[in-house]
Amino acid sequence: MELAKAFDPNTAEGWYKTWEENGFFAPEINEDETSPTYSIVIPPPNVTGSLHMGHALQHTLMDVLARWKRMQGYRTLWLPGTDHAGISVQRKVVEQLKKDEGKSPIDVGRDEFVRRAWKWKDQYGNTITTQMRREGASVDWSRQRFTMDEDLSLAVRSVFVALYDEGNIYRGLRIVNWCPKDKTVLSDLEVKEETKKDGKLTYLKYPVQGTDRTITVATTRPETMLGDTAVAVNPSDERYADLIGKVVDLPLTGREIPIIADEYVDAEFGTGAVKITPAHDPNDYLVGERHGLEQLLVMDDAGKMNAAAGTDFEGLDRFEAREKVVARFDELGLLEKVEDYEITLPICERCKTIVEPILSEQWFVKMDEMRDIALDVMRSEGVPHFFPQVPHEKVYTNWLENLKDWTISRQLWWGHQIPAWYDDEGNVFVALTEAEARTKAGGKELRQDQDVLDTWFSSGLWAFSTFGWTGENGVTETPDLDNFLPTDVLVTGRDIIFLWVSRMVMLTKKFTGKIPFGDVVVTGTVLGKDGKPMSKSRNNGVDPIEMFDKFGVDATRVYLASIATGADIKWNDLLIETYRNFANKIWNATRFCLLNSDNASIRPLDAAEARSMAAADRWILSRLTRTSQAVNKALETYQYHEAVSLLYHFFWDDFCDWYIELKKDEITSGDADASSFILSVLEQALRLLHPFMPYLTEELWQKLPGVGRGLHNPAYANAEQTIMLADFPKGDRQFIDDIAENEISAVIELITKIRNIRAEMNISPSIKFVVHVAGSSVLREILAANEEQILKLARASKLVLSTALVVPKASAKAVLSGGTEVAVPLEGLIDFEKERGRLQTQVEKLGIELQRLDRQLSNGNFVERAPVEKVRELRERKEEIEQQTSAIKLNIEALG
RNA sequence: GCCGUCUUAGCUCAGCGGUAGAGCACUCGCUUCACACGCGAUAGGUCAGAAGUUCAAAUCUUCUAGACGGCACCA
C-alpha cells in the first residue's frame with residue numbers, strides 16, 4: 001500500500017460521520033456490564049453562539065478525556081447540549097422582527113414573540129453543534145439537551161417551587177442593577193466595570209430652612225437629586241452638629257427633606273454631607289430604611305425621568321436630565337463647583353449600557369443555605385477539586401463567604417417564565433402549573449408573573465436535569481442519574497466559576513444529595529496575537545474553523561492541548577504549524593512502514609518474545625512503554641501539555657529519528673518480521689495519540705495490515721473496527737528494559753559524536769571514513785552488534801573496535817561517557833588548528849562543570865548534610881569528567 | 001482598599017528545592033531511495049531586581065519594580 005506524500009486533514013476528517021453513525025459515542029457501545037462509568041457534561045454553549053477558540057480549547061480537553069477513558073474501557077458519556085441564552089436570543093429576535101417587519105415585540109405580543117424565538121432557535125441554533133462535529137467531539141448526540149426542553153423546564157419549575165415553599169426564594173423590593181437598554185434587571189455577576197477618566201463630581205448647595213446657610217452635597221449623578229428624601233451627615237461631625245434635625249428646601253422640587261445623622265457618612269470624604277436617594281442607590285436605600293425615609297423613584301425602565309421627577313424633567317433621558325439639573329442649579333446660584341473626577345461605572349456585560357441602580361420588585365434566591373452547602377462540600381470533600389488548584393480554590397471559597405442574594409427574575413420573554421401567579425389582590429401562588437396554582441387560589445382567575453428566570457438558574461441544574469431529573473412530582477431517579485451522576489470532571493472557563501460552577505454545586509447537592517462533579521479543570525484564556533482577550537471590537541479574534549481549514553483539526557487540537565493547564569496563551573500560528581508538521585511526520589513514518597509491509601501484519605507484543613529481540617527493538621518497546629505510562633499519569637492529573645510533549649518526542653525523536661533509521665535497511669530489504677514489529681509498535685503509538693489527534697490516527701490505523709476489532713478493548717468486542725475503541729496502552733512493566741536503553745544510548749552517543757566531528761571538520765557527507773572506537777568489552781559487543789546501523793548513520797566505511805586506540809596523528813577524536821574513545825583518521829582532511837580548538841572548547845566546558853562540582857564536594861556541609869546518594873552521584877560525575885578531560889588533553893597533545 | 005497571578009534563550013512557552021528545557025527563528029552543512037511540513041551539527045539564558053531560609057534556590061519566604069486578574073467601594 002502506498003500513501004499520499006503528505007497528510008490531508010480534509011479526507012481524514014470524514015471519519016466523524018462513520019463514528020457517529022456507528023454509535024461509538026454513546027455509552028451503550030460498551031457491552032461489559034461491569035465497566036466503570038465515566039461522564040462529563042458539556043458547558044452548554046449559547047444557541048446564539050458560534051464556535052470560538054475558548055470552546056475549541058475546552059472541547060479538545062473534554063474530548064481527550066472522553067476518548068482516553070473510553071479506550072480504557074470505561075462506559076463513557078460526554079453529554080452535549082445548548083443553553084437558551086435569554087438576553088442574547090431575545091435581542092436577536094427583536095432585531096429580526098424590526099428588520100423584517102418593522103415591528104416591536106409589543107406589536108406581536110408575548111405568545112407570538114416566543115413562537116418566533118423558537119423558530120429562530122430551530123433555524124440558527126444548530127450552528128455550534130455542526131461545528132462541534134468538525135472538532136471531532138465524541139459527544140453522545142442521542143442525549144443532546146436544551147435548557148428549554150420540556151423535561152428540563154419542568155425541572156426548573158420543580159426547583160423553583162421547592163425553594164419557594166421552604167422560603168429560599170422570595171420576592172422583594174430591592175435596589176437592583178437595571179439595564180435601561182435591555183430593560184431588565186441583572187445579577188451582580190452580569191455587571192462589569194468601566195473606568196471613566198473624564199467623570200465629574202458635582203457639588204450642589206441645598207438651602208437650610210430657618211437659616212441663611214446652605215449644605216453642600218457632592219454627587220456623580222446630579223439627576224438623582226430629584227429623588228432625594230434626606231441629607232445625611234456623620235453624627236460626630238461638629239461642622240454639621242447644629243444642622244441635624246433641620247429641614248432642607250430641596251431645589252427644583254419644592255419638597256422639604258430632613259437633615260439626618262448616620263454613621264454611614266464618612267466625614268472625611270467630600271463635604272461630609274451626603275444626599276440620600278433611597279430609590280436609586282443601595283447605600284442610600286439602607287440609610288432610608290434605618291430612618292424611615294420615603295423611597296422616591298424618579299426614573300422609568302428606559303432610564304427616562306418619570307412624573308415624580310417633576311414636569312420640568314419628565315420624559316428626559318437620565319443624561320439630559322443630569323445636564324439640566326446642573327444648569328438649573330447654576331441659574332439659582334446653588335452650584336458650588338464641578339470637579340473632574342475619575343469614576344468607575346457599572347456597565348451591562350452584554351450591551352455595555354451604564355447600569356442604573358434602581359428600586360425594583362424582583363425575585364431572589366436566599367443564599368445562606370446555598371452558601372453553606374457549597375462551603376461544606378469544599379471543607380468536607382475538597383470538592384470541587386480545581387485544576388489548577390491555585391488560585392481557584394481560594395477565590396471560589398472567598399467569594400462564597402461573602403455571597404449576597406441572587407436576583408433571578410429577568411424582564412424578558414424568552415426563557416423559563418416564573419411559575420408564580422397572582423390574583424387581583426396581588427396574592428401570589430407558586431406552583432408547577434397554572435392549574436395547580438388556581439387550585440391553591442381556590443379557583444380564582446390568575447395572571448402569571450411576566451418575568452422569566454435568569455439563564456443561570458436553569459444551567460445550575462444542568463448536571464442532573466440533563467439526566468432526566470424533573471423533580472419531586474416527576475422523576476428523581478433514572479438509570480442515567482444512577483450511572484452518570486456525579487460526573488467525573490467539569491472543564492470550563494474561569495469566567496463562569498461563580499455564575500455556573502458554584503450554583504451547580506449548590507443546586508445539585510441540594511436536590512439530588514450528590515455532588516455534580518469531583519474535579520473542575522479551569523482553562524485559561526486564549527488571547528489574540530496582541531496579547532489581549534479576543535474580541536470583535538479589537539478585531540484580534542482567531543476563528544477556529546479557519547484554523548481547521550488551514551492546519552487541520554488535529555493540529556489545532558494538539559496545539560490547544562499543549563497549553564499548560566489553566567494558563568493563558570497568546571495565539572501563535574507558528575506553533576500550530578509545528579503540530580501540522582507533526583501530523584505530517586507521523587503520516588510519513590506510517591507511509592514508510594507501509595511501503596515495505598507486503599508480507600507484514602501487526603501482531604500482539606509479547607514480553608517473552610521481546611527478550612530475544614535485538615537491542616534496538618527492545619529499546620523502542622521500552623521507550624514506548626515508558627511513554628504509555630507517563631501519558632496515562634499525565635492525563636490522570638490533567639497535565640495535557642505534558643502528555644503532548646511526551647508523545648511528540650516519542651514519535652519524532654525515538655521512533656522516527658532513531659528507530660526507523662536503525663531499522664531502515666532491515667525493513668526496506670523486505671524482512672517481514674521487522675516490518676510486522678515496527679507496524680505493531682506504531683499501532684500502539686497511534687492508540688496513545690488518538691485522543692489528541694483522532695482523525696489522523698484513525699485514518700492511518702485503518703490502513704495498517706491486520707487491524708480489526710480484535711484490538712479493541714474487550715468491552716467493545718463486537719463494534720465495527722475503529723481505533724476509537726482500541727485498548728489504550730497501559731504500559732506493561734515487563735517491556736521496560738534498562739539494558740537495551742543503555743545500549744542504544746551508547747550507540748546514539750557514538751553516532752552523534754561522529755556526526756559532530758564531520759560537521760565541525762567540514763567533511764562532506766559524501767566522504768565515508770573509518771571510525772576507531774576503544775572501550776570496554778561490553779561496549780564493543782554492543783557496537784559490534786549494531787555495526788551496520790552505525791556505519792550507515794555515521795556515514796562510515798569501517799568500524800574498528802579495540803581496547804586502545806592505535807591511530808595516526810592526523811585524527812579527530814572524541815571521548816564518550818564511560819571513557820570510551822573515538823577517533824576518525826582524517827589524513828589530508830584534518831585542520832589541526834581547528835581540531836585543537838574543538839577539543840579545547842570541550843575541555844573548557846568540562847572545566848566549568850568540574851569547578852562547580854569541586855566547590856560543592858569541598859563544602860563539608862554539603863558532604864555531611866546532603867543525601868548520600870546525591871554526594872555519590874556528584875563524585876561519580878566528577879570522576880567521569882576528570883577522566884574525559886585528561887583523555888581529551890592527551891588527544892590535544894597528540895596533535896603536536 | 002482586599003485577595004491573587006505572572007516576569008526563564010530573539011519570539012511563544014514548559015519546568016517550580018538537587019548539573020537550565022522545548023518549538024519556532026538564527027548560524028553551518030545536506031536533492032541520504034517516509035517526510036524540505038524534511039535530515040544532520042552548532043550557537044544562544046548571571047531564570048525581573050534585592051535580601052533571607054537551606055549543604056543546595058529559577059523553584060521556598062520577604063521586599064522592590066513592571067504586567068495582569070478577581071472582589072469590594074466609588075457622596
Side-chain angles (χ1 to χ4, degrees), chain A residues 2-3 5-7 188 193 199 201-204 217-221 224 231-232 264-266 269-277 281 283-284 341-346 388 390-392 394-395 398-399 402 494-495 497-498 525 529 531 551 555 562-564 566-575 577-596 641-642 645 648-649 656-657 660-661 664 667-668 751-752 755-760 762-766 792-793 795 848-849 852-853 856 859-867 869-871 873-874 877:
Chain A
E2 188 163 342
L3 266 53
K5 219 173 164 185
F7 172 52
D188 292 349
E193 289 182 346
L201 188 60
T202 307
Y203 290 74
L204 303 174
V217 296
T219 179
T220 53
R221 294 188 293 153
T224 62
V231 171
Y264 155 68
V265 181
D266 177 2
F269 191 91
T271 62
V274 184
K275 60 190 277 304
I276 300 297
T277 323
D281 182 278
N283 289 308
D284 292 9
Y341 187 70
E342 186 180 315
I343 46 170
T344 47
L345 294 168
V390 177
H392 299 111
K394 195 169 168 186
V395 172
N398 287 350
W399 179 78
N402 300 297
R494 66 176 148 241
D495 52 333
I497 291 177
F498 303 152
T525 312
K529 287 171 187 137
F551 300 106
S562 77
I563 302 166
D568 288 352
I569 184 118
K570 264 187 243 186
W571 185 265
N572 188 342
D573 275 358
L574 288 173
L575 288 171
E577 224 176 299
T578 298
Y579 295 110
R580 190 267 320 257
N581 296 351
F582 180 51
N584 193 240
K585 185 75 178 173
I586 292 164
W587 176 268
N588 273 291
T590 308
R591 180 168 183 262
F592 169 78
C593 294
L594 288 175
L595 277 174
N596 302 287
H641 61 296
E642 177 67 18
S645 165
Y648 186 93
H649 291 293
C656 293
D657 285 351
I660 287 184
E661 296 304 332
K664 202 167 237 177
I667 289 165
T668 49
I751 292 168
T752 305
R755 283 171 171 174
N756 176 271
I757 288 173
R758 182 186 295 275
E760 298 276 317
N762 289 328
I763 312 287
S764 159
S766 59
K792 178 150 192 265
L793 299 183
R795 315 201 119 252
I848 291 167
E849 199 184 336
R852 198 187 42 243
L853 288 171
Q856 259 187 293
N859 178 345
N861 278 328
F862 171 74
V863 179
E864 212 171 290
R865 302 203 194 182
E869 220 168 285
K870 198 78 225 162
V871 178
E873 208 176 283
L874 291 199
R877 179 69 189 146

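Naming: A, B, ... by sequence-line order, numbering from 1 per chain. Owing to the predicted nature of the structure, the values given are computational and were not obtained by experimental measurement.
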### Summary
note: A:L3, atom CG; B:C35, atom C1'; distance rounded to Å ~ 12 Å

### Message
Using whole Å, what does the distance between atom P of nucleotide B:A56 and atom CG of A:L853 come to?
### Response
16 Å

#### Entry: Verdict with reasoning, A:L345 to A:R221, per side-chain contact (heavy atoms from CB on, under 4.5 Å)
CA-CA 11 Å; A:L345 294 168; A:R221 294 188 293 153; over 6 Å; no

### Task
Using a heavy-atom cut-off of under 4.0 Å over every strand shown, decide if A:L201 touches base, sugar-phosphate, or nothing.
sugar-phosphate

### Message
By the 4.0 Å heavy-atom rule, please label A:I343 as base, sugar-phosphate, or nothing.
### Response
nothing

### Summary
Applying side chain to side chain contact (heavy atoms under 4.5 Å, CB included) to A:Y203 and not counting sequence neighbours gives A:L201, A:T216, A:A218, A:T271, A:E336, A:K337, A:E339

### Query
Expressed in whole Å, how much space separates the C1' atoms belonging to B:C39 and B:C35?
10 Å

#### Entry: P atoms of B:G38 and B:G44, separation to the nearest Å
25 Å

### Message
Please convert RNA chain B into dot-bracket. A pair counts if it is Watson-Crick or G-U wobble with both distances under 3.5 Å; crossing pairs go in [ ] and bases paired with another strand get |.
### Response
(((((((..((((....[..))))..((((.......))))......(((((..]....))))))))))))....

### Message
Can you measure A:K275 atom NZ to B:C74 atom P for me and round it to whole angstrom units?
### Response
13 Å

### Message
Measure CH2/A:W587 against P/B:A36 and give the value in whole Å, please.
### Response
14 Å

#### Entry: C1' atoms of B:G1 and B:U61, separation to the nearest Å
25 Å

### Query
Are side-chain heavy atoms of A:T202 and A:Y341 found at a separation under 4.5 Å?
no

Give me, pair by pair, the N or O atoms of the protein and of nucleotides 40-45 of chain B that are less than 3.5 Å apart, along with how far apart they are.
residue: B:G40; atom: O3'; partner: A:R755; partner atom: NH1; Å: 3.4
residue: B:A41; atom: O3'; partner: A:N756; partner atom: ND2; Å: 3.1
residue: B:U42; atom: OP1; partner: A:N756; partner atom: ND2; Å: 2.8
residue: B:U42; atom: O5'; partner: A:N756; partner atom: ND2; Å: 3.2
residue: B:A43; atom: OP1; partner: A:K845; partner atom: NZ; Å: 2.8

### Message
Checking A:R758 now: which residues fulfil salt bridge (Lys or Arg N to Asp or Glu O under 4.0 Å) with it, not counting sequence neighbours?
### Response
none

## Note on the structure
Given protein heavy atoms under 4.0 Å, the one-letter contact record of nucleotides 13-21 of chain B, with B base, S sugar-phosphate only and - none, is simply SSS--BB--

### Task
Please figure out whether A:I763 or A:H649 has its closest RNA chain B nucleotide nearer the 5' end.
A:H649

### Message
At less than 4.0 Å, is any side-chain N or O atom of A:K394 found next to OP1 or OP2 of B:G4? Yes or no.
### Response
yes

#### Entry: Pairwise P distance, B:C6 and B:C16 [rounded to whole Å]
13 Å

#### Entry: Span that lies between the P atom of B:A58 and that of B:A50, in whole angstrom
12 Å

### Message
By the 4.0 Å heavy-atom rule, please label A:F7 as base, sugar-phosphate, or nothing.
### Response
nothing

Check nucleotides 5-9 of chain B for protein N or O atoms closer than 3.5 Å to its own N or O atoms and list the pairs.
none

### Message
So, using side chain to side chain contact (heavy atoms under 4.5 Å, CB included) as the criterion, who are the partners of A:K394 when residues are at least two apart?
### Response
A:N398

#### Entry: Heavy-atom pair with the smallest gap, counting every atom of A:K585 and A:C656
CE-CB, 3.6 Å

### Task
With heavy atoms under 4.0 Å as the rule, sort A:C656 into base, sugar-phosphate or nothing.
base

### Message
Heavy atoms from C-beta onward define the side chain here; which of B:C24, B:A34, B:C3 lies closest to that of A:E661?
### Response
B:A34

### Task
Calculate the interatomic distance between A:K529 atom NZ and B:C24 atom C1'; express it in whole Å.
15 Å

### Message
For a quick test of reading the model: is some side-chain N or O of A:K664 closer than 4.0 Å to OP1 or OP2 of B:A34?
### Response
yes

#### Entry: Results of side chain to side chain contact (heavy atoms under 4.5 Å, CB included) for A:P346 - residues two or more places apart only
A:V191, A:V355

### Query
Where do A:T224 and A:T219 come nearest, in terms of heavy atoms and distance?
OG1-OG1, 4.4 Å

### Task
Could you give me the CA-CA distance, side-chain angles and deciding distance for A:T752 and A:N756, then say whether side-chain contact (heavy atoms from CB on, under 4.5 Å) is met?
CA-CA 6 Å; A:T752 305; A:N756 176 271; 5.6 Å; no

### Query
What is the distance, rounded to the nearest whole Å, between atom CG of A:N588 and atom P of B:C35?
6 Å

### Message
Just to be sure I understand the rule, does A:T220 reach a base, reach only the sugar-phosphate, or reach nothing, if contact means heavy atoms closer than 4.0 Å?
### Response
sugar-phosphate

### Task
Looking at every strand, decide which applies to A:R795 at a 4.0 Å heavy-atom threshold: base, sugar-phosphate, or nothing.
base

### Partner residues of A:R795 under the salt bridge (Lys or Arg N to Asp or Glu O under 4.0 Å) criterion, sequence neighbours left out
none

### Message
Can you give me the closest heavy-atom contact between A:K870 and A:F862, atom names plus distance?
### Response
CG-CZ, 4.4 Å

### Query
Could you walk me through whether A:V274 and A:F269 pass the side-chain contact (heavy atoms from CB on, under 4.5 Å) check?
CA-CA 10 Å; A:V274 184; A:F269 191 91; over 6 Å; no

### Value in whole Å for how far the C1' atom of B:A25 lies from CG of A:N572
11 Å

### Task
Taking all non-hydrogen atoms of both residues into account, name the closest pair between A:D284 and A:T277 and its distance.
OD2-N, 2.8 Å

### side chain to side chain contact (heavy atoms under 4.5 Å, CB included) involving A:V217 - partner list, sequence neighbours excluded
A:L204, A:Y206, A:V231, A:A273, A:K275

### Message
For a quick check, tell me whether the side chain of A:K5 and the base of B:C35 share a donor-acceptor pair closer than 3.5 Å.
### Response
no

### Message
Parallel, tilted or perpendicular, judged at 30° and 60°: which one describes the rings of A:F498 and A:W399?
### Response
parallel

### Query
salt bridge (Lys or Arg N to Asp or Glu O under 4.0 Å) with A:K664: which residues, sequence neighbours excluded?
A:E661

#### Entry: Exercise: identify the closest heavy-atom pair between A:S562 and A:Y579
CB-OH, 3.5 Å

### Same-atom distance (C1') from B:G66 to B:G49, integer angstrom
11 Å

### Task
Using the P atoms only, state how far B:C11 lies from B:A25, rounded to an integer number of Å.
15 Å

### Query
How far apart are the closest heavy atoms of A:F551 and A:E577, and which atoms are they?
CE2-CG, 3.8 Å

### Query
Would you say a side-chain N or O of A:N581 is under 4.0 Å from OP1 or OP2 of B:C35?
no

### Query
Can you tell me how far C1' in B:C28 sits from the matching atom in B:U62, rounded to whole Å?
48 Å

Give every pair of a protein N or O atom and an N or O atom of nucleotides 69-73 of chain B that lie under 3.5 Å apart, one pair per line with the distance.
residue: B:C73; atom: N4; partner: A:E193; partner atom: OE2; Å: 2.7

### Query
Starting at CG of A:L575 and ending at P of B:C37, how long is that distance when rounded to a whole Å?
18 Å

### Query
Does A:R591 get its side chain close enough to the base of B:C35, under 3.5 Å, for a donor-acceptor pair?
no

### Centroid separation A:Y648 to A:F582 less than 6.0 Å
yes

